[in-house]
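When a residue number appears, it is its place in the shown sequence, counting from 1. As the structure lists them, so they are numbered: ligands from 1, and atoms in each ligand from 1.
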Amino acid sequence: MSIADCRLIDLPRITDPQGNLTFIQSKEQVPFAIERVYYIYDIPGGSKRGGHAHKGLHQLIVPLSGSFDIMIDDGRATTTFHLNRPFRGLYVCPLIWREIDNFSSGSVCMVVASNAYDEDDYYRDYKDFTAALSTSAGEGPLSRAQARLP
Ligand code: T46
């Protein structure tokens with residue numbers, strides 16, 4: 001898995017003068033079966049979320065309201081997306097480190113996920129994440145520079 005496997009997904013929009021509607025159906029708008037939905041709200045200015053990777057979780061991250069930035073990192077390259085439309089989400093595959101910040105006032109971050117919550121699915125230490133990548137690639141550990149450790 002790499003950041004090339006992550007992508008923006010444009011969701012359907014039913015536009016109406018009385019208000020627009022967007023929907024997400026399991027395995028249709030997202031490339032996985034949906035098992036969990038959660039959302040982050042009441043986010044104080046300057047907050048940072050994420051700072052971890054998931055071992056097996058697939059996610060679609062949607063800015064239901066407002067905007068924020070997501071940096072994704074596969075241990076070799078990083079890229080940052082600014083999400084600011086409730087009909088456009090970022091699909092994040094397993095084994096991607098993410099950091100989320102620059103939340104606008106009143107923003108709401110919704111995540112549609114492929115599995116129930118499981119703390120054992122997290123890499124919360126960047127060194128553990130890069131070590132797991134090296135193991136799965138059958139290589140030695142990435143150097144500090146390669147892994148861009150802080
Ligand atoms: C991501 C961003 C956008 C639960 O008990 N159940 C849950 O379903 C979740 C997601 C979390 N929790 C508990 C576990 C921690 O004690 O809530 C606490 C914070 O969870 P987490 O560190 O996952 O929160 P974020 O906002 O840093 O990250 C979450 C996702 O895990 C992450 O993949 O991209 O939202």
**Q** Would you mind running through ligand 1 and noting each atom that sits below 4.0 Å from a heavy atom of Arg98?
**A** 1 (C), 32 (C), 33 (O), 34 (O)

**Q** Is atom NZ of Lys48 surrounded by more than 12 heavy atoms (other residues, nucleotides or ligands) closer than 6.0 Å?
**A** no

**Q** Tell me the contacting part of Ile70 for ligand 1: side chain, backbone, both, or neither, using a 4.0 Å heavy-atom threshold, strictly below.
**A** neither

**Q** Does Asn115 use its side chain to pair, donor to acceptor, with the backbone of Leu57 at less than 3.5 Å?
**A** no

**Q** Considering the heavy atoms of Ile61, write down every atom of ligand 1 situated less than 4.0 Å from one of them.
**A** 34 (O)

**Q** Distance under 4.0 Å to a non-hydrogen atom of Ile100: what atoms of ligand 1 satisfy this?
**A** 2 (C), 3 (C), 34 (O)

**Q** Does one hydrophobic cluster hold both Tyr39 and Ile24, with members joined at side-chain heavy-atom distances below 4.5 Å?
**A** yes

**Q** What do we get for Leu57 next to ligand 1 when only non-hydrogen atoms under 4.0 Å count, side chain, backbone, both or neither?
**A** neither

**Q** Closer than 4.0 Å to some heavy atom of Tyr38 - which atoms of ligand 1 meet that?
**A** 10 (C), 29 (C), 30 (C), 31 (O), 32 (C), 33 (O), 35 (O)

**Q** Where is the nearest protein heavy atom to atom 6 (N) of ligand 1: which residue, which atom, and how far?
**A** Tyr117 CG, 3.4 Å

**Q** Side chain, backbone, both or neither: which part of Glu99 has a heavy atom under 4.0 Å from ligand 1?
**A** neither

**Q** Measuring centre to centre across the rings, with the benzene-like ring taken for any Trp, is Tyr123 within less than 6.0 Å of His52?
**A** no

